[in-house]
Protein chains: 2
Amino acid sequence: MDIRQLRYFLAIAEAGQITRAAKALNMEQPPLSRQLKQMERELGVTLFDRSGKQLTLTHAGDLLRERAEGLIRQLHESLQEVKEVEEGVSGFLAIGAVVSCVSLLPRAIERYREKYPQVTFKISEGDHYQLGDALAKRSIELVVARLPFEFAEESPYEYDVLRLPSDPFVAVIPSKLQPDQKQTSITLAALADYPFLTLKTDQTIGMHKQVMSEFRQSGLTPNIICECSSVAIILSLVAAGIGATVLPKSVVAMSPIDSLRMLRIEDAEFQSEVGIVWLKDRYLSKSARHFIDQYMDGY
Amino acid sequence: MDIRQLRYFLAIAEAGQITRAAKALNMEQPPLSRQLKQMERELGVTLFDRSGKQLTLTHAGDLLRERAEGLIRQLHESLQEVKEVEEGVSGFLAIGAVVSCVSLLPRAIERYREKYPQVTFKISEGDHYQLGDALAKRSIELVVARLPFEFAEESPYEYDVLRLPSDPFVAVIPSKLQPDQKQTSITLAALADYPFLTLKTDQTIGMHKQVMSEFRQSGLTPNIICECSSVAIILSLVAAGIGATVLPKSVVAMSPIDSLRMLRIEDAEFQSEVGIVWLKDRYLSKSARHFIDQYMDGY
DNA sequence: TTCGTCCCATACCTAAAAAGTATGGCGTTT
DNA sequence: AAACGCCATACTTTTTAGGTATGGGACGAA
């Protein structure tokens, strides 16, 4: 049974005769007659009562008419839905982000949804390793992360990257250890005097290395008293006065807390590169492309 | 977009590759490749991500898979339903009956539903004229009526008839006018002495004529004091003692009332022929055929 | 790295199915 | 009775799907 045959059948049912239906379908009468007959043979069913001068539906035919109308309507709707997903105006977009970048998402998503209100999001958070894995498994399409995006010695995948405006590192110091309200910056050397907290796990070590190398270039070695695995932990420790740390500005700006102060670092060109990362030469949904394009256009 | 293509698409989605799907479909790989490509072109949609070694569904493809599965399932179910209606195991059966025959329906329907519990009924009641009209308009398929089934001088339709066991006419007499409890029969002559009620309207005159002609053959002329249009009216008038009448036995037996008595008519072969009537050489649903067959088998 | 394997895509050919044409039969209408 | 309208059949043409041969690209093993 074929969609075309269902259409033919409906045309005949509506016209009440084959000749007129054939005209409506822009075809000749004999092929239509044949299709109807074949359909009835295939189903083992009499669809029309031909005994009168006018073709009338049998009970079976009337039921088929109802069902066929529904099916054809549903088919159209489904194809329309599929097209919308393809065009990126509907469907969903799965994005992953490292903790230190989640603060960038709300604004981006808000902007995106202004243009494509039908698109929903699936956001996951993880370290570079988890996110790279998720990309490979295609459970997410885009990653927002600190650059460079590396999660293993040698990944078998290649990535495309869109660099976002870089995010300057700032010093984060407990208010109680830095009572001078007017001071807005600090030197690396002064910073190295504080007990130091760093964001580091076995899996995510990139930012830690970047910060350390900056100190090392100035001949300094901070006194690391704690390695923390999450931003929430490190900020709460700083707020409690345990020590100071260095974090990308956007991370700190997201959660302003009275008990800690954010200071510019005077003597270092010290920035965290942030980027949107995706698998190179792999299929990217239109939704994901739109997300990227939004940044491309923006800057 | 074609059902076949949806099947192909689902096979590919399930197999994860075209070659294996082609094997499952008992066809070669190139035609399947082409169909998929054509489908994507037709929809303007990328359904599979071919960049990996394994074909994976895009978001649009995944949506189409869901929809296609639903559509194909529904199509099968619909065709199955249609076949069931054709076979007469499902659907409905529209029957008309004259008032004096409705008493025959309950048992017939009960018996029918034992065999075809999925079939529902639409019953309408009317005179010969209305029922013939309904047959012509195909709003009913069968009529149960007194024979002969004639409703106009010349009907443009021909009918097929299945005669049912004939229904003897009985005299119906008010208990108060016939106090002898033991008497079970009466002569035409005795009956003609009662004030007579008859079932007759302008449209339905058959039974009246039959009864009158029977009296006439015996040289009797009943004293007709009232023409009634319905069984309910005539029975209530008899019960009230207004007069006597003659009705088919089944009609009276249906509603036994203390205040009236039913007597066999001794000296007349006096029967009402009952039959199932339908349009000759016209389509009859299987349900209707089954209904007729049930009587054919029964007797 | 290179070779072999697996899979998809393309080009070309064959087969099947659908559409078109011509025509005849049947029933209704005038 | 003749004319018309509609359906059905037989036959032809066109379209579309399916099959065969083959090449290119990715992946894995040697």
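The shown structure was predicted, so the numbers you read here are calculated from the model rather than taken from an experiment. Per chain, numbering begins at 1; letters A, B, ... match sequence-line order.
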Side chain to side chain, A:His290 and A:Val119, heavy atoms closer than 4.5 Å | no
Salt bridge check: are B:Arg73 and B:Glu77 linked by an N-O gap of less than 4.0 Å?
-> yes
Boundaries of the chain A footprint along DNA chain D (any atom under 4.0 Å from a heavy atom) = D:dC6 to D:dT9
Quick one: does A:Glu42's side chain have a donor or acceptor within less than 3.5 Å of a partner on A:Met1's backbone?
-> yes
Within the distance-only criterion (no hydrogens, no angle test), does the side chain of A:Arg146 pair as donor or acceptor with the backbone N or O of A:Met207 below 3.5 angstrom?
-> no
Would you say C:dA9 has OP1 or OP2 under 4.0 Å from some side-chain N or O of B:Ser33?
-> yes
Is a side-chain donor or acceptor of B:Thr58 paired with a backbone partner of B:Thr46 at a separation under 3.5 angstrom?
-> yes
Protein heavy-atom contacts under 4.0 Å, written 5' to 3' over nucleotides 18-30 of chain C as B (base), S (sugar-phosphate only) or - (none), form the string SBBBB------S-
For B:Gln29 and B:Ser33, does a side-chain donor sit closer than 3.5 Å to a side-chain acceptor?
-> yes
What do you reckon, is CD of A:Glu14 surrounded by more than 12 foreign heavy atoms closer than 6.0 Å?
-> no
Would you call B:Phe9 and B:Phe48 a side-chain contact if the rule is heavy atoms closer than 4.5 Å?
-> yes
